[in-house]
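Have a look at the structure below before the remarks.
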Amino acid sequence: MPAILIKAATIVNEGQIFVADIYIRDGIIQKIAPQLTERAEIEIDAEGQYLLPGLIDDQVHFREPGLTHKADIWHESRAAVAGGTTSFMEMPNTVPNALTQRLLQDKFDIAAQRSLANYSFYMGAANDNLDEVLRTDPRTVCGIKVFMGSSTGNMLVDDEYTLERIFAQAPMLIATHCEDEATIRQNLAKFKAIYGEALTPDMHPLIRSSEACFISSSRAVELAKKHGSRLHILHISTAREAQLFDAEIPLEAKRITAEACVHHLWFSDADYAGKGNFIKWNPAVKTAADRRGILAAVRDGHIDVIATDHAPHTLNEKLQPYLQAPSGGPLVQHALQALLDLHHNGELTLEELVQKTAHNTAICFQVDNRGFVREGYWADLVLVDLNKPYTVTKANILSKCGWSPFEGHTFKSTITHTLVSGNLVYRDGELFERGSGKRLLFNR
């Protein structure tokens with residue numbers, strides 16, 4: 001592994017912005033100081049560029065195994081590092097669902113061979129696999145995923161006795177998808193009674209409603225408080241839900257935390273007219289007021305981290321009528337650029353961006369030696385040119401599905417370099433597939 005010297009970078013880290021050099025050897029940040037003179041095989045002139053800790057995305061769907069016509073670990077990890085995401089945590093609703101320790105290990109084995117980014121995988125919970133869930137190793141697995149709403153395969157946990165036992169006995173962080181299935185079914189039946197099969201994407205946030213989200217999130221918080229669980233609620237999509245969380249407790253002391261996703265910070269229901277199924281996600285993109293409320297909750301500490309819920313489907317699948325088109329879309333390649341646009345718009349500071357995409361994710365999940373620009377930490381780093389525009393086109397989309405909800409948009413910033421565990425894996429549009437990502441470890 002070649003030593004790397006980064007010169008004159010403007011570093012954003014732990015609430016400070018300052019210019020310094022960084023010397024990296026054996027994958028580890030060895031020194032951070034002005035005007036270092038260490039010899040290195042690779043030297044990067046970063047004058048005028050901003051250096052951030054690589055994003056840690058706590059929620060992606062890379063679709064492998066079983067759904068690789070949509071995406072796979074190789075393609076999506078390439079998209080991730082090109083977008084400045086250096087570590088990901090992937091969901092268990094692949095095929096087969098990761099509901100046993102053996103199936104979970106199979107995914108780690110695939111990533112060890114194919115991932116350019118650092119990786120971890122959630123153990124999936126179902127109504128009938130509690131014994132397997134309780135065997136999960138907190139040191140080597142990011143968390144346990146519980147779908148408290150619609151899911152695929154056998155992953156909807158709707159049995160109250162099972163939910164109680166999971167929250168009472170889980171040995172580690174429980175990450176939940178919260179939408180109330182009964183409410184969604186009632187709403188869908190109501191809309192079908194009026195419109196038949198001719199439903200349209202703009203009805204999505206009315207079917208998968210704010211009330212469905214709040215009922216389920218409230219229930220998860222109630223269970224966590226009852227049992228003292230370590231709960232992390234994913235993809236908060238309403239301003240009302242944000243008030244379920246405490247902004248006064250230091251993050252390190254929180255037992256209940258929350259995540260916002262880029263699409264809920266960027267789009268609103270006004271965008272369905274132009275984007276249609278391409279912004280159909282679960283939970284749904286909702287109102288402009290919800291978008292503003294979620295962003296405010298990110299900034300004031302009610303919501304702790306920002307992620308993507310990157311979940312590709314093929315273009316043909318998304319072009320189907322609303323009822324047949326699956327929910328989800330690719331986001332990991334352009335998440336950082338989208339957030340940097342929010343910064344340019346005055347909606348998010350660089351310090352807040354770094355806090356919510358790297359520092360806080362590392363704290364929430366107790367990630368070992370990552371998420372900060374610190375001596376002795378792994379060199380997971382991204383360099384950005386804040387003032388170099390970048391237009392998303394089909395030609396530069398790296399996700400296997402080949403489309404993006406941002407297609408045609410020109411971002412104000414460009415990602416120039418990405419380092420993963422001390423390897424230079426991306427530079428000015430070129431990927432270097434030397435080495436590989438490493439398995440994330442956790443201080444639990």
Side-chain angles (χ1 to χ4, degrees), residues 2-25 27-40 42-57 80-87 262 298-299 305-306 333-362 369-390 410-430:
I4 299 174
L5 181 61
I6 302 173
K7 297 288 291 182
T10 303
I11 299 170
V12 185
N13 186 62
E14 299 185 76
Q16 298 183 9
I17 300 178
F18 58 97
V19 176
D21 299 349
I22 298 181
Y23 177 61
I24 299 155
R25 190 182 67 243
I28 303 297
I29 298 171
Q30 305 289 336
K31 291 184 180 180
I32 305 170
Q35 300 180 330
L36 293 173
T37 58
E38 275 72 8
R39 305 179 82 177
I42 298 173
E43 185 168 315
I44 299 170
D45 179 4
E47 186 173 1
Q49 296 192 49
Y50 284 74
L51 184 143
L52 322 176
L55 278 63
I56 304 174
D57 194 336
V81 300
T85 292
T86 54
S87 300
V262 170
V298 165
R299 301 192 71 176
V305 303
I306 301 173
Q333 184 176 348
H334 305 114
L336 176 54
Q337 288 168 299
L339 295 174
L340 289 170
D341 268 19
L342 295 184
H343 163 67
H344 280 286
N345 295 341
E347 296 183 276
L348 197 66
T349 69
L350 289 176
E351 298 93 326
E352 288 168 338
L353 188 161
V354 166
Q355 190 75 43
K356 300 295 180 170
T357 61
H359 300 342
N360 280 9
T361 320
N369 284 346
R370 299 186 191 273
F372 296 84
V373 184
R374 289 176 178 169
E375 293 178 358
Y377 272 53
W378 288 102
D380 295 332
L381 306 171
V382 56
L383 278 166
V384 298
D385 187 332
L386 282 184
N387 299 304
K388 182 180 180 181
Y390 178 98
T410 298
F411 290 112
K412 295 180 174 68
S413 303
T414 294
I415 291 141
T416 64
H417 300 71
T418 306
L419 281 73
V420 174
S421 298
N423 284 304
L424 178 62
V425 296
Y426 178 82
R427 181 181 62 202
D428 295 327
E430 185 179 5

Exercise for review: Check the pair V373, I29 against side-chain contact (heavy atoms from CB on, under 4.5 Å), reporting the backbone distance first and the verdict last.
Suggested key: CA-CA 8 Å; V373 184; I29 298 171; 4.3 Å; yes
Exercise for review: Kindly determine whether E351 and I17 satisfy side-chain contact (heavy atoms from CB on, under 4.5 Å), including the steps that lead there.
Suggested key: CA-CA 8 Å; E351 298 93 326; I17 300 178; 3.5 Å; yes
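Interatomic distance, N360 CG to I306 CD1, rounded to the nearest 0.5 Å: 9.5 Å. Atom CD of E375 is separated from atom CD1 of I28 by 12.0 Å, given to the nearest 0.5 angstrom. In this structure, CG in L52 is found 10.5 Å from OG1 in T10, a value given to the nearest 0.5 Å. With values rounded to the nearest 0.5 angstrom, R427 atom CZ is found 12.0 Å from T418 atom OG1. We find the CD1-CD1 distance between I32 and I6 to be 10.0 Å, quoted to the nearest 0.5 Å. Separation of atoms CG (L419) and CG (L383) is listed at 7.5 Å; rounding is to 0.5 Å.
For D385 (side chain) and Q49 (main-chain N/O), no donor-acceptor pair under 3.5 Å exists by modelled atom type. Remark: side-chain polar atoms of E47 are not paired, donor with acceptor, to backbone N or O of A8 under 3.5 angstrom. Without hydrogens or angle criteria, K31 side chain to L36 main chain gives no donor-acceptor distance under 3.5 Å. Checked by atom type and distance alone, the side chain of H359 pairs as donor or acceptor with a backbone atom of E14 at under 3.5 Å.
The only option from K388, Q337, H344 that meets the side chain to side chain donor-acceptor pair (under 3.5 Å) definition with S413 turns out to be H344.
We find that K7 and D21 are joined by a salt bridge, their nearest charged nitrogen and carboxylate oxygen being less than 4.0 Å apart.
The nearest pair of heavy atoms linking G83 to I415 is O-CD1, 3.3 Å. In terms of heavy-atom proximity, L51 sits nearest to A9 at CB-CB, 3.9 Å. Closest approach of G371 and P53 over heavy atoms only: O-CB, 3.8 Å. The two residues I4 and G422 have their closest heavy-atom pair at CD1-O, 3.4 Å. Residues L350 and V12 come closest through the heavy atom pair O-CG1, 3.8 Å. Considering all non-hydrogen atoms of both residues, I56 and A362 come closest at CD1-CB, 4.1 Å.
Counted by atom type alone, R370 and S421 present one or more donor-acceptor pairs between their side chains at under 3.5 Å.
The neighbour count for Y50 OH, taken as heavy atoms of other residues, nucleotides or ligands under 6.0 Å away, does not exceed 12.
Using the six-membered ring where Trp is involved, Y390 and H334 have ring planes that are tilted, between 30° and 60° apart.
Between L381 and H417 there is no side-chain heavy-atom pair separated by less than 4.5 Å. At least one side-chain heavy atom of L336 sits less than 4.5 Å from a side-chain heavy atom of L353.
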